Amino acid sequence: MNDNNENSIREDSFNEPSASLNFLEEIIEEDIKNGKNGGRVHTRFPPEPNGYLHIGHAKSICLNFGLAQKYNGLTNLRFDDTNPTKEDEEYVDAIKEDIKWLGFSWDDREYYASDYFDQLYQWAEKLILDGKAYVDDQSAEEISRQRGTITTPGIESPYRNRSVEENLGLFRRMRAGEFPDGYCVLRAKINMSHPNMLMRDPIMYRIIHTAHHRTGDKWCIYPMYDYAHGQSDYIEGITHSICTLEFEIHRPLYDWFLDQIVTTEYRPKQIEFARLNLTYTIMSKRKLLQLVKDGYVKGWDDPRMPTICGLRRRGYTPTSIRNFAEKIGVARRDNVIDVSLLEFSLREDLNKIAQRRLAVLNPLQLIIENFPEDKTEFLPAANNPEDTKAGIRKIPFSRQLWIERDDFMINPPKKYYRLYPGSEVRLKYGYIIKCHRYETDPQTGEVKTIYCTYDPESKTGGATANRKIKGTIHWVSKKHAIQAEIRLYDRLFIKPDPEDVAEGESFINYLNPNSLKIINAWCEPALMEATPAEHYQFERIGYFYLDPDSRPGYPVFNRTVSLKDSWSKMSQNEE
RNA sequence: UGUCCGAUGGUGUAAUGGCAGCACAGGAGAUUUUGGUUCUCUUAGUCUAGGUUCGAAUCCUGGUCGGACAACCA
């Protein structure tokens, strides 16, 4: 497949079995080696359908599906829908779409915690029968007060030692709907002075008279997360239940509930990893919701949002996100990933696949004085220099062009090799031109028009085509250009850690006022046929992606990410 | 104040008692009809104090710093 010797050697050493494992892979390989759960690997991705998925979830998705793929296992999609007051069908569909778009499949294994309400209820009765659970009639406030604090033990509920019969009767009446919301709860009887507060007789069921998006009015009691999650894992045959670090403290409870019901050799195991944090980004669902609700962004899929749908609309590719997840690795220490690593993964993919086009975002008129008035030439241009199979297109060229305002200076600094009086540049895919003079607006002093001549032999394939010219600039033919709306996005926050708030401020104070700038651009005609099936690179500018707001004859493009720009960096450092 | 978890260049992540490596970011250069891409070189790291050991990022002890935990949320 590859007869380059050096390359195949490198490949081989890369695939050596000694390649290092992350801590999750180590645990899994150890479990497989020990024949745990019959050597099976079965993971799950368990979103709560109460919001949209973001890049942090993408890490979890890549981990869960990736690990299963690597060890020939399976991954279930399971909606953790145990709280009907917060959850909605709307989110279910969005979540499914996002996971599919990322490139993962749960086949037919789409489950809901609510599928297990009957089984969960049966097990709850068993716990009551075993004297391990009781109905508590106290108010939420009272229960909370009795729970003690982090440093002081709690005290036992006066209802803690009700008889099994009384508990069973009460629990059945809870289920039957005889009590209003909050009248009583079912609690596990564990230890009110446990140093881990979650073990101080945690609540298993509460009364909520609200219709559920799947079970409708069948239930008016709903299980809490801790009581539902491990049991759901057990029902589904999950082997490795991977979650984020904040659930670490829940693990003893996860294990306690399993202890009460597991009768088999098989048993799922919870393992925690550190969630993703990104510089200049917030990941909290609550805060993202606030951005949407209060109109700081235009919706969950606003291209500035770190949501999967936002990134998709912005022009991110699934490949770039998967590669990113691979690069950041996984561990148990808190981390903040530099957003430039995400952008690197994005450019890396886009560079390979993006269709090149010419567009002028900030136009300046250029006239080629020795080019005939009425002549149009069609110049062949490679669609993608990284991929010859992408083919070519022809770009119209004529006497009057638009060029980028940045590509001309009256008094250029050192190392500026674009256009200035007397200089020569190459027009990309076209001719070498020389600048002779320019015209300014007498009112404003702004440059209006640049006058050049072209070297007719300097076209690709021409006699002087290979002359060394330092600068190449992009252009569009004025009379053939089409207009498009361009949305220039920048980071949403001006502070690397927007959640690190000063006294009396909130993350809202750190919003970047320039996170969106809308302009009009002149584009080569081929962009009239732009489609969301393609990603585009406007040469020398950046990557762009067609927005659904586009109208017939008027495309709208989102700037996905700019090209790396070592010139602006260099000229800034000079200052 | 208690319990649990964690600590390796600026940011991530390897090294599983034996040469501290890789990626991003930063810097310098080469190539280039994109100041893009690609390529080369380069700056920079084991929280701290002790102990075990021929040998410690790794094992032990103390400290320091950071995180999690007191919803009828997940």
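In what follows, chains carry the letters A, B, and so on, assigned in the order in which the sequence lines appear, proteins first and then strands, with residues in each chain numbered from 1. The structure presented is a predicted model; accordingly, all values stated were derived computationally and were not measured.
Among B/rG36, B/rG6, B/rG2, the nucleotide with an atom closest to any side-chain atom of A/T151 is B/rG2. The side chain of A/T472 sits closest to B/rU33 out of B/rG67, B/rG6, B/rU33. Checking B/rU32, B/rU13, B/rG35 against every side-chain atom of A/N335, the shortest atom distance belongs to B/rU13. Checking B/rU37, B/rG35, B/rA70 against the side-chain heavy atoms of A/T149 singles out B/rA70 as nearest. For A/N351, the listed nucleotide lying nearest its side chain is B/rG36; candidates were B/rG12, B/rG36, B/rC73. Relative to the side chain of A/N83, the nucleotides B/rA71, B/rC73, B/rU34 differ in distance, and B/rC73 lies closest. Of the candidates B/rU3, B/rA74, B/rG35, the closest approach to any side-chain atom of A/P195 belongs to B/rU3. The A/E248 side chain lies nearest to B/rC4 when the options are B/rC4, B/rA14, B/rU34. When the nucleotides B/rC73, B/rU37, B/rA70 are ranked by their closest atom to the side chain of A/M197, B/rA70 comes out on top. Comparing atom distances between the A/F344 side chain and each of B/rC24, B/rC72, B/rA14 picks out B/rC24 as nearest.
Checking B/rU33 for Watson-Crick or G-U wobble geometry (two distances, each under 3.5 Å) identifies no partner in any strand. The nucleotide B/rU46 finds no pairing partner, because no Watson-Crick or G-U wobble arrangement with both distances shorter than 3.5 Å includes it. Within the shown strands, B/rU3 is the pairing partner of B/rA68 under the Watson-Crick or G-U definition, both distances less than 3.5 Å. Using N1 to N3 plus N6-O4 or O6-N4 for Watson-Crick, or N1-O2 and O6-N3 for G-U wobble, each under 3.5 Å, B/rU58 pairs with nothing. For B/rC22, the paired base is B/rG12 (Watson-Crick or G-U wobble, both distances below 3.5 Å).
Distance check on atom C1': B/rG10 versus B/rA25 gives 7 Å, rounded to whole Å.
Ring pair A/F538/A/F544 is parallel by interplanar angle, where below 30° counts as parallel and above 60° as perpendicular. In this structure, A/W522 and A/W402 have parallel ring planes: the angle between them is below the 30° cut-off, well short of the 60° mark.
Straight-line distance from the NZ atom of A/K459 to the C1' atom of B/rU33: 15 Å, rounded to whole Å. Regarding A/H474, its NE2 atom lies at a distance of 18 Å from the P atom of B/rU33, rounded to whole Å. When the P atom of B/rU11 is taken as reference, atom CG of A/D338 falls 10 Å away, rounded to whole Å. Between A/D334 atom CG and B/rC65 atom P there is a gap of 17 Å when expressed in whole angstrom units. B/rA14 atom P lies 9 Å from atom CZ of A/F23, rounded to whole Å.
Heavy-atom distances to RNA chain B give each of A/V336 and A/G430 a nearest nucleotide, and the one nearer the 5′ end belongs to A/V336. Heavy-atom nearest nucleotides on RNA chain B were determined for A/K415 and for A/D181, and the one closer to the 5' end corresponds to A/K415.
Looking at A/R333, its side chain has no donor and acceptor atom pair within 3.5 Å of the base of B/rG66. In this model, a side-chain donor or acceptor of A/H250 finds a partner on the base of B/rA74 within 3.5 Å.
Shown are A/K434, A/R467, A/R426; of these, the side-chain hydrogen bond (donor to acceptor under 3.5 Å, both in side chains) with A/D455 is made only by A/R467.
Ring pair A/Y431/A/F397: centre-to-centre distance below 6.0 Å. The six-membered or imidazole ring of A/H212 lies near that of A/F117, with a centre-to-centre distance under 6.0 Å.
In this structure, a donor-acceptor pair under 3.5 Å is present between the side chains of A/E272 and A/Q270. No side-chain N or O of A/Y183 forms a donor-acceptor pair with one of A/E178 less than 3.5 Å apart.
Taking the O4'-C1'-N9-C4 or O4'-C1'-N1-C2 dihedral as appropriate, B/rA71 has a value within 90° of 0 and is therefore syn.
By the 5.5 angstrom centroid cut-off and the 30-degree plane limit, A/Y225 is classified as not stacked against the base of B/rA74.
Phosphate proximity of B/rU32 to A/K468: present, with a side-chain N or O under 4.0 Å from OP1 or OP2. Applying the 4.0 Å criterion to OP1 and OP2 of B/rU34, one finds that A/K564 has every side-chain N and O outside that range.
Counting any heavy atom pair closer than 4.0 Å across all strands shown, A/I337 reaches sugar-phosphate atoms only and no base atom.
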